[in-house]
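Structure first, then comments.
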Amino acid sequence: MDVAADLPEPSAAPAVATTSPVEASGDDLVVASLAERIDALLFLDRSQEQVTELLVDEIADWAAGRGWRVYRRAASVLPLPPPYAHRQSFLDVACARPDGPPLAIEVDRSDRRRSVEKLLAEAGAGRVPVWIRWGTRAIEPPPAPIRLVTCPVTARRGPDPKARLYSRLPVREERAAPEHATATFRADEQTDLFAPGDSTASR
């Protein structure tokens, strides 16, 4: 399938996006829908590569369910750095929509400067840049007009001490402790359970 038939042609040099937000509320609703889909994703003990692959699969399935054309490793408008400047970078996922500009989506665990540069270039080319960030730490928002979708996870050491395993499990609701009734008795109202003569000596 020809990607160029649906996505804008890559330019010779990366375009610079403005810092003002994109004035398209429809795009914000689309990204909010994607965030809801990502928020519902659950997994257990996956490697870094497996988590990224799961997210890419989820994004592709979400976009396909909306009737859009989905491209994995779609050519970006941003070329590779020297000495490979004659080649183009790739996006993790690109989506061609009949009712709006294409979506350019990157998935990362770390705060990659290259991803920011790529998404800003995509925004300058008229695409809607979306950054899916997952990890265990707080995530700083990217520069506008990049839309951020976060996917918090937990991590633990796996069988290989050099590798970590990541999970995303349902959030348990904390239940409030039950209230205990309190009562105050006067001395003359309390029954003597061990009255003289009623006790049985233990044998």
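Here, residue 1 is the first one in the sequence, and each next residue gets the next number.
In the hydrophobic clustering of this structure, Leu103 does not group with Leu91; members are Ile, Leu, Val, Met, Phe, Trp, Tyr whose side-chain heavy atoms approach within less than 4.5 Å, directly or through other members. One hydrophobic cluster, built from ILVMFWY side chains closer than 4.5 Å, holds both Trp68 and Val56. Under the 4.5 Å side-chain heavy-atom criterion for Ile, Leu, Val, Met, Phe, Trp and Tyr, Leu41 and Val51 are members of the same hydrophobic cluster. Residues Val107 and Val31 share a hydrophobic cluster, clusters being chains of Ile/Leu/Val/Met/Phe/Trp/Tyr side chains in contact below 4.5 Å. Note: the hydrophobic cluster containing Leu55 also contains Val30 (ILVMFWY, side chain heavy atoms under 4.5 Å, direct or indirect links).
Within 6.0 Å of CZ on Arg66 lie more than 12 heavy atoms contributed by other residues, nucleotides or ligands. Heavy atoms from other residues, nucleotides or ligands lying under 6.0 Å from CZ of Arg114 number more than 12. The neighbour count for Glu53 CD, taken as heavy atoms of other residues, nucleotides or ligands under 6.0 Å away, does not exceed 12.
The minimum heavy-atom distance between Val130 and Val149, with the atom names listed, is CG1-CG2, 4.2 Å. The two residues Tyr71 and Ala96 make their nearest non-hydrogen contact at CE1-CB, 4.1 Å. Pairing each heavy atom of Trp134 with each of Ile139, the nearest pair is N-CD1, 4.4 Å. Of all heavy-atom pairs spanning Arg168 and Pro152, the tightest one is NH1-O, 2.7 Å. When all heavy atoms are compared, the tightest approach of Ala123 to Pro145 is CB-CG, 3.7 Å. Nearest heavy atom pair, residue Asp28 against residue Arg147, reads OD1-NH2, 2.8 Å.
Summarising the geometry, atom CZ belonging to Arg112 is positioned 10.0 Å from atom CG belonging to Leu119; distances are rounded to the nearest 0.5 Å. Remark: Ser89 OG to Leu78 CG distance equals 4.5 Å, nearest 0.5 Å. Distance check: Arg133 CZ to Asp108 CG gives 7.0 Å after rounding to the nearest 0.5 Å. Note that the CG atom of Leu34 and the CD1 atom of Ile105 stand 5.5 Å from one another [nearest 0.5 Å]. Rounded to the nearest 0.5 Å, atoms CD1 (Ile146) and CG (Leu120) are 4.0 Å apart.
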Please assess Asp61 against Arg37 for the test side chain to side chain contact (heavy atoms under 4.5 Å, CB included), listing each intermediate value before the final yes or no. CA-CA 10 Å; Asp61 186 68; Arg37 181 65 176 263; 2.4 Å; yes
Does the side-chain hydrogen bond (donor to acceptor under 3.5 Å, both in side chains) test come out yes or no for Arg164 and Thr136, once each step is laid out? CA-CA 11 Å; Arg164 305 181 78 187; Thr136 58; 4.8 Å; no
Quick one: do Asp57 and Arg72 satisfy side chain to side chain contact (heavy atoms under 4.5 Å, CB included)? Show the steps, please. CA-CA 9 Å; Asp57 288 342; Arg72 301 180 187 230; 2.7 Å; yes
Taking it one step at a time, do Arg109 and Tyr166 satisfy side chain to side chain contact (heavy atoms under 4.5 Å, CB included)? CA-CA 11 Å; Arg109 183 181 67 86; Tyr166 301 93; 3.9 Å; yes
Pair Trp131-Asp111, side chain to side chain contact (heavy atoms under 4.5 Å, CB included): steps then yes or no: CA-CA 10 Å; Trp131 200 8; Asp111 187 9; 3.2 Å; yes
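Although no hydrogens or angles enter the test, the distance criterion places a donor-acceptor pair under 3.5 Å between the side chain of Thr52 and the main chain of Gln48. In this structure, Arg127 contributes its side chain and Pro101 its backbone to no donor-acceptor pair below 3.5 Å. Asp160 places a side-chain N or O within donor-acceptor distance of the main-chain N or O of Lys162, the cut-off being under 3.5 Å. The main-chain N or O of Ala94 is never found under 3.5 Å from a side-chain atom of Arg69 such that the two would form a donor-acceptor pair.
With salt bridges taken as basic N to acidic carboxylate O contacts below 4.0 Å, one links Arg97 and Asp27.
Considering Glu117, Glu122, Gln88 as possible partners of Ser76, the one that fulfils the side-chain hydrogen bond (donor to acceptor under 3.5 Å, both in side chains) test is Glu122.
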